[in-house]
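Just so you know, these numbers come straight off a predicted model, no measurement behind them.
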Amino acid sequence: MAGRPASTALQDALQASPESIYRDVEEQTWVVIGPKSRVHVFNDGALHVTSVVYPGETVRARTTRGKWRTPPEDELAAFREALRKSAEGE
């Protein structure tokens, strides 16, 4: 599919600031906000699920109403470790 940002998902996630990583409390997935309105979704094992391009209003609405929440530091650290292992092919 042209225009889908899946190819940049792992790199965007590895480079994301903590403020750009959320937990989708309904889907139990990780949401990473990348550059150029890219939004990447991962499971707990850092397996890429999907990527989309969302306008800023959509991201704000989902964080404001609590669908996407800032994760606790320990959960964020575990997700980042899973991303690192995924990048290394472990």
Minimal non-hydrogen separation, [X] against [Y], with atom names:
| X | Y | result |
| --- | --- | --- |
| A13 | R80 | O-NH1, 4.1 Å |
| S86 | A46 | OG-O, 4.0 Å |
| Q28 | V25 | NE2-O, 2.8 Å |
| D24 | V31 | CB-CG2, 4.0 Å |
| A87 | L14 | CB-CD1, 3.6 Å |
| N43 | F79 | O-CE1, 4.0 Å |

How far does [atom1] of [X] sit from [atom2] of [Y], to the nearest 0.5 angstrom?
| X | Y | atom1 | atom2 | answer |
| --- | --- | --- | --- | --- |
| T8 | Q15 | OG1 | CD | 9.5 Å |
| T58 | K67 | OG1 | NZ | 12.0 Å |
| Y22 | T29 | OH | OG1 | 14.0 Å |
| I21 | L83 | CD1 | CG | 6.5 Å |
| R38 | S20 | CZ | OG | 12.0 Å |

message: Going by the rule salt bridge (Lys or Arg N to Asp or Glu O under 4.0 Å), which residues pair with E19 if we only count those two or more places apart in sequence or in a different chain?
response: none
query: Thinking salt bridges, do E57 and R60 make one under a 4.0 Å N-O criterion?
result: yes
query: Do L47 and V41 sit in the same hydrophobic cluster, where Ile, Leu, Val, Met, Phe, Trp and Tyr count as joined when their side-chain heavy atoms come under 4.5 Å apart?
result: no
statement: Exactly one candidate in D44, T70, L76 meets side chain to side chain contact (heavy atoms under 4.5 Å, CB included) with R23; the answer is D44
query: Parallel, tilted or perpendicular: which describes the rings of W68 and Y54, with under 30° parallel and over 60° perpendicular?
result: tilted
